[in-house]
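Down below is the structure, laid out as structure tokens.
First the proteins, then the strands, lettered A, B, ... as listed; each starts at 1. Model, not experiment: these values are computed from the prediction.
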There are 2 protein chains.
Amino acid sequence: MALQNIETRLSGEPLDGRKGRHALSVGEVAADSRFDRRLAKLLHHAAHIFCEKGYEGASMRDLSRAAGMSLAGLYHYFESKEDLLYLIQKHTFRTIIERLQERLKESRDAEERVRIFIENHLEYFLANKEAMKVLTHEDETLKNGRGAEIRAIKREYYKICLDLLEDLRREKGLQFSGRLAVLGLFGMINWIYTWHNPRVDLDAGAMAEEMSNLFLRGVLNPGKTKRKIAKTNA
Amino acid sequence: MALQNIETRLSGEPLDGRKGRHALSVGEVAADSRFDRRLAKLLHHAAHIFCEKGYEGASMRDLSRAAGMSLAGLYHYFESKEDLLYLIQKHTFRTIIERLQERLKESRDAEERVRIFIENHLEYFLANKEAMKVLTHEDETLKNGRGAEIRAIKREYYKICLDLLEDLRREKGLQFSGRLAVLGLFGMINWIYTWHNPRVDLDAGAMAEEMSNLFLRGVLNPGKTKRKIAKTNA
DNA sequence: TTAAGTATCGAACGAACGTTCGGTAACCTT
DNA sequence: AAGGTTACCGAACGTTCGTTCGATACTTAA
């Protein structure tokens, strides 16, 4: 946990000292303070509201109501609405990557590692639907410094997946476009937030297995499917 | 074309007569009037802006600027901002379905028909990226009557795809969840708007072939991939 | 040429927005 | 008990929002 509310350090802004107070020196861990715990709850409420109404459509007054705190009081915990989205996205993304790294230690087998990637993604996704929807749906919302930082984390995640797939390709001596495979896979597993219904659909583990099978058969099998008949027009 | 600006006829609203003027009797076609042509251009500008800033983030003043028309003047062509989004989504969705129906007449082969579905989707998607992103991204934005109408069209599209896949499954005697397959496929092909770059990526036809191969191999091949080793924890 | 309809506009409305300010209450340390 | 820090609040500020209104130009048909 530990929201690591270390100074956001964005682009130009000289950070007037009013809100950067709670910064911890980087090494120091300073176990969840009262402040951090309250902030975490606020982020949870905020994720719920952003998920429901979208970032632009949600108002700070909505959050104030949901959190049972005055509008002004909110600003004790973060700089701005934009900062709020940034904190949610960063924490969510960092957590999912952290867990993935941990789980990847369990296996050296290329195919198994791809399965671990998918399972980790889906498990976290379905256990944290709201935050994950905010991460996924408000992908291009943040601009400038905060946006660049989130985009960097996203590239890191992309790169991990790409490497896993290229390891697999090398090991099995296959031929496919890594980029297309990664993005096709991401599509399948990120799209879930638009339709998954816990009362109808499989749970995370079973879903991960199904999707892994679908994807891996598509990638592993030789291109023996019918070729399209050449069309005369265009 | 022909935006079929036939009376929107929403839920309760008695339609006070002020804006429903341009309604055409349903049968009548009334080739693109001056009004319809201007409206089509406005919808195009609106799609561009909604695409760039999101529905909530975009303002009518943005549209006014982009269209080179006064703020008040816009309301000559539609009832409200919500109506604008509705018109864009409806026209886009109806067009893609219409084209699909046309193309499906070309083949009776189950696999080929799935390929046609994917190709039609991607071709239209990449040729109308902005409108398709608005359709995809602002999926849950519309409420009440307009929202219900769009959701109905979406279900229709889903059903077409599901039927195609179940025909394929029957023909080949396979076993897979139609729902999972459809939604996995939709994920792959809708996610594209988040990453496709015409300077880097394949064009629609080639992309459709790649994605068709990936998906169809995943669906058609027997479940011969490695089973996950049972885990001890959880 | 005129009259009716269509297209467009400037200006304004009330509501909602994100954020700030000065102050008060609660808490912690000594 | 005192004094400093942290937590929180009511009220307001300036801005922007979607939408409306009354008036003016343009187009068309008689």
Side-chain angles (χ1 to χ4, degrees), chain A residues 5 13 15-24 30 32-43 45-46 49-50 53-87 138 141-144 146, chain B residues 5 13 15-24 30 32-42 45-46 49-50 53-88 138 141-144 146:
Chain A
N5 180 37
E13 307 172 7
L15 173 64
D16 58 19
R18 237 188 58 80
K19 202 52 75 34
R21 265 174 307 179
H22 308 279
L24 308 173
D32 302 335
S33 64
R34 178 189 177 75
F35 179 92
D36 279 344
R37 265 179 285 122
R38 195 88 175 87
L39 174 56
K41 281 197 179 157
L42 286 178
L43 293 185
H45 284 300
I49 287 170
F50 287 165
K53 317 182 123 187
Y55 173 75
E56 302 275 4
S59 77
M60 296 303 283
R61 283 162 180 86
D62 290 331
L63 176 57
S64 148
R65 209 170 305 120
M69 180 183 293
S70 77
L71 187 55
L74 297 173
Y75 286 84
H76 186 62
Y77 291 94
F78 41 82
E79 287 189 340
S80 62
K81 189 185 178 187
E82 202 193 348
D83 195 33
L84 195 48
L85 178 58
Y86 163 78
L87 291 173
E138 307 296 346
T141 307
L142 288 175
K143 306 291 180 199
N144 306 323
R146 282 185 261 250
Chain B
N5 181 38
E13 307 172 6
L15 172 64
D16 58 20
R18 237 187 56 79
K19 201 52 76 33
R21 266 175 306 179
H22 306 280
L24 308 174
D32 303 334
S33 65
R34 180 191 178 73
F35 179 91
D36 279 345
R37 266 179 283 121
R38 196 88 175 87
L39 174 56
K41 281 196 179 158
L42 286 178
H45 283 300
I49 287 170
F50 287 165
K53 317 183 123 185
Y55 172 75
E56 301 276 3
S59 77
M60 296 303 283
R61 283 160 181 86
D62 290 331
L63 175 57
S64 148
R65 209 171 304 120
M69 179 183 291
S70 77
L71 186 54
L74 296 174
Y75 286 84
H76 185 62
Y77 292 94
F78 40 83
E79 287 189 341
S80 62
K81 189 186 179 188
E82 203 193 348
D83 194 34
L84 195 48
L85 177 58
Y86 164 78
L87 291 174
I88 293 171
E138 307 297 345
T141 306
L142 287 175
K143 306 291 181 198
N144 306 324
R146 283 185 261 251

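Protein atom CG of A:L39 is 12 Å distant from nucleotide atom P of D:dC8, rounded to whole Å. In this entry the distance linking CZ of B:R61 with P of D:dT16 reads 10 Å, nearest Å. For the pair B:L84 CG and D:dT19 P, the computed distance is 10 Å after rounding to whole Å. Summarising the geometry, the separation between CZ on A:R37 and C1' on D:dT6 is reported as 14 Å, rounded to the nearest angstrom. Between A:Y75 atom OH and D:dA11 atom P there is a gap of 18 Å when expressed in whole angstrom units. Atom-to-atom, CG of A:L42 to C1' of D:dA7 comes out at 12 Å; the value is rounded to the nearest Å. At whole-Å resolution of the value, NZ in A:K53 and P in C:dA16 are 11 Å apart. Nucleotide D:dC17 holds its P atom 14 Å from the CG atom of B:L74, rounded to whole Å.
Heavy atoms only, all atoms of each residue included: B:L63 and B:L42 are closest at CD1-O, 4.1 Å. Across all non-hydrogen atoms, the minimal contact from B:H76 to B:F35 is O-CE1, 3.7 Å. Nearest heavy-atom pair across A:F78 and A:L39 is CD2-CD1, 4.2 Å. The two residues A:E79 and A:D83 have their closest heavy-atom pair at N-OD2, 3.3 Å. Shortest non-hydrogen contact noted between A:F50 and A:A58 is CD2-CB, 3.7 Å. In this structure, A:S64 and A:S70 approach most closely via the heavy-atom pair OG-C, 3.9 Å.
For A:H76, a side-chain nitrogen or oxygen approaches OP1 or OP2 of D:dA7 to under 4.0 Å. Contact annotation: B:Y77 reaches the phosphate of C:dT8 (side-chain N/O to OP1 or OP2, under 4.0 Å).
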What does the 5'-to-3' dot-bracket notation of DNA chain C look like when only Watson-Crick and G-U wobble pairs under 3.5 Å count, and pairs to other strands show as |? |||||||||||||||||||||||||||..|
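A heavy atom closer than 4.0 Å to some atom of DNA chain D occurs in A:M69, A:S70, these being the qualifying members of residues 62-70 of chain A.
Here B:A66 pairs with B:H45, B:I49 under the side-chain contact (heavy atoms from CB on, under 4.5 Å) rule; sequence neighbours left out. The side chain to side chain donor-acceptor pair (under 3.5 Å) check on B:E82 picks up nothing, with sequence neighbours excluded.
Listed by first and then second residue, the salt bridge (charged side-chain N to carboxylate O under 4.0 Å, His left out) pairs that reach into residues 62-78 of chain A are A:K53-A:D62, A:D62-A:R65, sequence neighbours excluded.
Between the A:K41 side chain and the A:A67 main chain, no donor and acceptor come within less than 3.5 Å of each other.
With distances taken from any side-chain atom of A:S59 to the nucleotides C:dC17, C:dT19, D:dA7, the minimum falls on C:dC17.
Summarising the geometry, atom OG1 belonging to B:T141 is positioned 15.5 Å from atom OH belonging to B:Y86; distances are rounded to the nearest 0.5 Å.
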Take B:Y55 and B:K81, measure what side chain to side chain contact (heavy atoms under 4.5 Å, CB included) needs, and give me the verdict at the end. CA-CA 9 Å; B:Y55 172 75; B:K81 189 186 179 188; 3.7 Å; yes
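A residue-by-residue look at B:L71 and B:R38 shows that B:R38 has its nearest nucleotide of DNA chain C further toward the 5' end.
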Enumerate all atom pairs, one protein N or O and one N or O from nucleotides 22-30 of chain C, separated by less than 3.5 Å.
none

